[in-house]
Amino acid sequence: DFLVRDADLEKAMRILCNLEYQRQHGLSGDQLDITHWIQGQEVMFRKTGGGCIEPHTRLTSIRMALNIDYEGLWSRARHTQVNGRVMQTLAPEDEFIVLAIHGGKELWWNMKWACDASAFINAHPSLDWASVMQRARQQGCRRMVLLAATLARSFFQADIPETVLAQAKADLLIEPMLARVLESWRADTVGGPVTGKTVSLD
């Protein structure tokens with residue numbers, strides 16, 4: 001998964017196609033563009049096999065009632081070295097919010113995402129939780145962030161500030177959501193992506 005500015009999407013798609021990644025078969029260019037606009041992303045597979053790549057212009061589909069501050073994400077992004085190459089990455093506070101949104105939109109069916117959230121918290125002991133919560137509230141994903149923090153604390157012993165835990169405890173919907181996530185993990189059935197037909201208050 002990687003995030004692309006709207007203005008750079010056409011160029012990014014050209015580059016990915018030159019690298020032998022393919023857009024979904026059987027749809028016209030206009031259909032692919034409208035699908036991307038609705039979903040905020042595409043899934044592309046390499047012609048020669050191997051993994052897939054997902055260019056995103058948004059973190060969620062337009063069906064989710066979030067007000068993500070994309071300009072803020074880009075302005076706070078940092079440069080870092082990954083395998084000898086300089087790449088832009090999100091500020092840690094934004095990245096944790098992204099982890100929470102991702103888990104939330106998938107209803108946390110994969111336990112790995114809660115483990116990832118915990119590992120991320122442990123790797124960023126100076127995470128500015130006040131900024132995390134302020135940005136989450138402004139963007140409409142506060143409950144997603146509280147649930148992510150609660151999952152990370154409850155099942156992977158992540159170090160969450162008491163102020164955040166108190167907010168989670170005060171939200172009467174967090175505990176039932178936590179129970180539903182745990183129930184789905186304990187069911188030990190093969191999980192899978194949440195489809196566009198799934199409707200859930202969570």
Side-chain angles (χ1 to χ4, degrees), residues 1-3 39-41 54 56 58-61 63-70 72-73 76-78 80 89-202:
D1 298 83
F2 62 93
L3 191 62
Q39 298 297 331
Q41 73 174 75
E54 296 183 19
H56 291 250
R58 289 190 316 279
L59 302 181
T60 67
S61 78
R63 294 174 297 205
M64 291 190 76
L66 301 181
N67 184 29
I68 302 301
D69 175 17
Y70 291 102
L73 288 180
R76 292 185 294 267
R78 311 167 171 196
T80 189
T89 60
L90 298 176
E93 292 74 20
D94 292 323
E95 193 163 349
F96 184 73
I97 291 171
V98 169
L99 289 172
I101 290 171
H102 183 259
K105 74 179 181 178
E106 300 286 351
L107 304 181
W108 297 98
W109 64 264
N110 191 331
M111 185 188 295
K112 172 190 175 299
W113 298 321
C115 184
D116 288 346
S118 177
F120 185 84
I121 292 165
N122 292 336
H124 295 83
S126 59
L127 197 66
D128 182 349
W129 282 96
S131 293
V132 169
M133 297 313 301
Q134 178 187 15
R135 290 175 200 169
R137 186 173 56 257
Q138 290 171 338
Q139 297 177 109
C141 56
R142 179 178 175 272
R143 186 169 284 141
M144 290 178 171
V145 167
L146 290 175
L147 180 59
T150 305
L151 288 166
R153 169 62 176 239
S154 298
F155 302 114
F156 298 100
Q157 292 74 51
D159 189 16
I160 309 295
E162 288 301 323
T163 55
V164 176
L165 295 174
Q167 290 179 59
K169 190 169 183 134
D171 186 327
L172 299 180
L173 295 181
I174 295 293
E175 196 61 39
M177 291 167 72
L178 190 71
R180 285 191 289 276
V181 171
L182 180 58
E183 182 183 356
S184 74
W185 291 349
R186 284 182 170 159
D188 201 26
T189 56
V190 176
V194 176
T195 72
K197 297 176 182 177
T198 301
V199 177
S200 172
L201 291 176
D202 290 347

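Keep in mind that the numbers below use all heavy atoms, side chains included, and drop hydrogens, waters and symmetry copies.
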*Should Leu66 and Gln139 be marked as a side chain to side chain contact (heavy atoms under 4.5 Å, CB included) after you check the CA-CA gap, both sets of side-chain angles, and the distance that decides it?*
CA-CA 6 Å; Leu66 301 181; Gln139 297 177 109; 5.8 Å; no
*Arg142 side chain to Gln167 side chain, donor-acceptor N/O pair below 3.5 angstrom*: yes
What heavy-atom pair brings [X] and [Y] nearest, and what distance separates the two atoms?
X: Val164; Y: Leu146; result: O-CD2, 3.8 Å
X: Asp94; Y: Gly72; result: OD2-O, 4.5 Å
X: Ala114; Y: Trp108; result: N-CZ3, 3.6 Å
X: Phe156; Y: Cys115; result: CE1-N, 3.6 Å
X: Ala148; Y: Ala100; result: CB-CB, 3.6 Å

*Taking everything shown except Asn122 itself, do over 12 heavy atoms lie less than 6.0 Å from its CG?*
yes
Gap separating the [atom1] atom of [X] from the [atom2] atom of [Y], nearest 0.5 angstrom:
X: Leu151; Y: Trp185; atom1: CG; atom2: CH2; result: 5.0 Å
X: Ile160; Y: Thr150; atom1: CD1; atom2: OG1; result: 7.5 Å
X: His102; Y: Ile97; atom1: NE2; atom2: CD1; result: 16.0 Å
X: Ser154; Y: Glu175; atom1: OG; atom2: CD; result: 7.0 Å
X: Asp128; Y: Met133; atom1: CG; atom2: CE; result: 12.0 Å
X: Glu54; Y: Asp1; atom1: CD; atom2: CG; result: 4.5 Å

Taking side chain as C-beta onward, heavy atoms only, is [X] less than 4.5 Å from [Y]?
X: Leu178; Y: Phe155; value: yes
X: Arg76; Y: Leu90; value: no
X: Met177; Y: Arg143; value: yes
X: Phe2; Y: Gln41; value: no
X: Gln134; Y: Glu93; value: no
X: Tyr70; Y: Leu59; value: yes
X: Pro92; Y: Arg78; value: yes

*Please lay out, stage by stage, how Arg58 and Met64 fare under the test side chain to side chain contact (heavy atoms under 4.5 Å, CB included).*
CA-CA 11 Å; Arg58 289 190 316 279; Met64 291 190 76; over 6 Å; no
*Should the pair Phe96 and Phe120 be assigned to parallel (<30°), tilted (30 to 60°) or perpendicular (>60°) ring geometry?*
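The rings of Phe96 and Phe120 lie parallel, inter-plane angle below 30°.
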*Between Arg135 and Asp69, is the closest basic N to carboxylate O distance under 4.0 Å?*
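Between Arg135 and Asp69 there is no salt bridge, as every charged N stays at least 4.0 Å from the carboxylate O atoms.
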*CA sep, side-chain torsions, deciding dist, call: Ile68, Ile101, side chain to side chain contact (heavy atoms under 4.5 Å, CB included)*: CA-CA 10 Å; Ile68 302 301; Ile101 290 171; 3.6 Å; yes
*Decide side chain to side chain contact (heavy atoms under 4.5 Å, CB included) for Ile121 and Trp129; before the verdict, give the C-alpha distance in whole Å, the side-chain angles of both, and the deciding distance to 0.1 Å.*
CA-CA 10 Å; Ile121 292 165; Trp129 282 96; 4.0 Å; yes
